[in-house]
Amino acid sequence: MPQTSATNRRIVLAERPNGQPDEKTLRLETTSVPEPGPEEMLVRTVYLSLDPYMRGRMNDAKSYAEPVPIGGVMTGQVVGQVVKSNIEKYAAGDYVLSPSGWQDFAVSDGTQIVNLGKSPENPSWALGVLGMPGYTAYAGLLKIGEPKAGETVVVAAAAGPVGATVGQIAKLKGCRVVGIAGGSEKCAHVVEKLGFDMCLDHRSDDLAAQLREACPDGIDVYFENVGGKVLYAVLPLLNPFARVPVCGVVSWYNLPSLPDGPDMGPAVIGTVLRMKVKMQGFIIYDSFGPEVYKEFVRDMTGWLEDGSVNYKEHVVDGLENAPEAFNQLLAGGNFGKMVVKVG
């Protein structure tokens with residue numbers, strides 16, 4: 001069922017998943033299109049961003065943000081277009097970046113809204129390389145990772161929107177960059193299109209041995225967004241005073257309990273201690289001030305314009321396909337930044 005102006009499709013959290021979300025986790029509902037009141041506007045979703053953090057919002061657990069309530073619209077950023085506006089700064093036809101969630105229409109009072117203008121050249125990029133993933137890569141690498149020319153930087157999920165951007169920025173800073181991705185096609189893209197020095201397939205049985213060979217001088221910066229066996233392969237190679245920005249651990253998001261196998265906690269903490277490693281988690285909009293965001297917009301816009309940074313999207317058509325696409329994302333099935341073309 002395509003988007004229409006007569007109804008509002010919304011995908012809500014029907015029940016909390018135990019492990020991987022299934023067909024009972026999310027429910028597609030149809031309601032009437034809301035009407036904006038005074039000092040409000042109606043936003044129609046054009047593109048919906050799908051991001052791994054959304055899996056955590058399905059859980060009723062302590063975190064940096066409130067969980068999605070049962071029956072609530074799944075959270076998410078969208079690029080939308082203003083349909084009606086009773087707010088002076090916004091007019092019908094404006095494209096906006098909005099936290100509208102998984103639905104066709106939403107009413108907003110302008111809070112957390114960014115006006116993208118009447119005709120942005122690549123509107124969906126505000127959800128990727130010029131949005132939260134790009135900003136995560138930029139600030140996490142440069143402000144926590146602090147790469148120096150000649151150092152070795154290892155990037156997990158190197159073909160994804162964060163990892164791909166991290167590696168390209170590290171190359172701009174004069175580093176040797178080794179990516180880790182899932183499959184030969186992604187690895188080829190990372191080296192040939194993004195300019196990494198090497199890329200290893202995390203599906204290989206001998207990943208740890210390949211990583212040792214690829215990093216003969218050890219690892220100075222490891223950008224972590226995966227966890228699991230990739231982290232365990234990296235640990236023995238971290239150099240003294242290595243830096244590890246942590247923006248996610250997607251391989252563990254669907255686990256209903258602690259992972260099987262030996263307790264790796266002592267190995268992780270022991271390495272942090274012995275190697276004097278700085279390992280810092282961060283949530284992008286909580287961890288850095290507006291001055292860093294201004295630096296990001298300035299630098300990333302320039303890099304995109306001069307071709308220093310390349311960007312790839314994975315576009316899924318139709319809001320109704322968002323739940324299946326989200327599971328594909330969590331399994332590493334996306335190739336580039338995953339967005340849903342809604343309307």
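If you're wondering where the values come from, they're calculated on a predicted model, not measured in any experiment. Residues take their numbers from the sequence shown, with the count starting at 1. All heavy atoms count here, side chains included; hydrogens, waters and symmetry mates do not.
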Residues forming a side chain to side chain contact (heavy atoms under 4.5 Å, CB included) with D197, sequence neighbours excluded: K171, R176, V177

Verdict with supporting geometry, K186 and D201, salt bridge (Lys or Arg N to Asp or Glu O under 4.0 Å): CA-CA 9 Å; K186 289 183 179 180; D201 186 349; over 6 Å; no

Check: P323 and L28 side chains under 4.5 Å, non-hydrogen atoms: no

From H189 atom NE2 to C199 atom SG, the distance as rounded to the nearest 0.5 Å: 10.0 Å

Donor-acceptor contact below 3.5 Å, side chain H314 vs main chain F335: yes

Partner set under side-chain hydrogen bond (donor to acceptor under 3.5 Å, both in side chains) for Q3, not counting sequence neighbours: R44, D104

Pairing of E224 and R243 as salt bridge, 4.0 angstrom limit: no

Ring center gap for Y135 and Y285 short of 6.0 angstrom: yes

Aromatic plane relationship, W252 with Y232 - under 30° parallel, 30 to 60° tilted, over 60° perpendicular: tilted

Pairwise distance OG1(T31) to CZ(F105) - rounded to 0.5 angstrom: 10.0 Å

Whether N59 side chain and A61 backbone form a donor-acceptor pair below 3.5 Å: no

Side chain to side chain, L13 and P67, heavy atoms closer than 4.5 Å: no

Main-chain N/O of A209 paired to E213 side chain as donor or acceptor, under 3.5 Å: no

Student check: side-chain heavy atoms of V309 and M300 closer than 4.5 Å: yes

D205 atom CG, neighbour heavy-atom count above 12 within 6.0 Å: no

salt_bridge(E146, K173) N-O dist < 4.0 Å: no

Side-chain (S85) to main-chain (Y90) donor-acceptor, under 3.5 angstrom: yes

